[in-house]
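Proteins get letters first, then strands, A, B, ... in listed order; numbering begins at 1 in each. Keep in mind that this is a model prediction, so the values were computed, not measured.
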Amino acid sequence: GAGVSQSPSNKVTEKGKDVELRCDPISGHTALYWYRQSLGQGLEFLIYFQGNSAPDKSGLPSDRFSAERTGGSVSTLTIQRTQQEDSAVYLCASSLARGPRNTIYFGEGSWLTVV
Amino acid sequence: SQQGEEDPQALSIQEGENATMNCSYKTSINNLQWYRQNSGRGLVHLILIRSNEREKHSGRLRVTLDTSKKSSSLLITASRAADTASYFCATDASNTGKLIFGQGTTLQVKP
């Protein structure tokens, strides 16, 4: 596609339920990133994929959070047993490759509200 | 802790004036990128400046990088009301593309 595509745009879920957020990166981009932005806060790195592998999961806040990427393309971020503090905008980004020359492009984000 | 810190946190100017935002960081970097965010949603990439570059231009945007001071600035010239947004700097220190973001500067341009 022309840009990074994320779905759903908005999700309201009850505390304790599981949610899945989807990211479709720009075609041909091998690197994919997930970030989280809580209300009025900066962006927090969650996880990075190179192809299908995740060499850096250091930002995942707890074991309730997991992500996978299949076929070197689409990625899914799963939050199990959601808590109210999980409410945030979840942003996905992709880049052509690693390295200092590569611009990282972001999607519009998925706004998650846990009630 | 945050790699990047931006200042000012908020800036309000009149249309036509220039806006300058500053970003400081703590560790060596491979590149620094500036992004704009409208209404708390998607980030729009503005400029990438590599660690061996000192200045880059893109339209009304000018970015400088001083690696000795670990700082960068974003200048928006002849601002427009449509420039109203939050602006973030982000640094890539690991060469993986993992970006560390500052808290951002909220810019308001009054018509």
| task | Please flag which part of S94(A) lies under 4.5 Å from any non-hydrogen atom of chain B: side chain, backbone, both or neither. | result | neither
| field | Spatial distance of atom CG (L43(A)) from atom CG (L99(B)) [nearest 0.5 Å] | value | 9.5 Å
| request: Drop me the distance from E108(A)'s CD to L43(B)'s CG, to the nearest 0.5 angstrom. | output: 9.0 Å
If hydrophobic clusters are built from ILVMFWY residues whose side chains come within less than 4.5 Å, do [X] and [Y] share one?
X	Y	answer
L11(B)	Y87(B)	yes
Y48(A)	F106(A)	yes
W34(B)	I13(B)	yes
L21(A)	L91(A)	no
V89(A)	I79(A)	no

| query | What are the two closest heavy atoms between Q33(B) and I104(A), and how far apart are they? | reply | OE1-N, 3.5 Å
| remark: Shortest non-hydrogen pair, F45(A) vs K98(B), comes out as CD2-CE, 3.3 Å
| Is it the backbone or the side chain of I47(B) that comes under 4.5 Å from a heavy atom of chain A, or both, or neither? | neither
| query | Okay, side chain of Y35(A), backbone of F101(B): is any donor-acceptor separation there less than 3.5 Å? | reply | no
| said: Please enumerate all residues that pass salt bridge (charged side-chain N to carboxylate O under 4.0 Å, His left out) together with R36(A), with sequence neighbours excluded. | reply: E44(A)
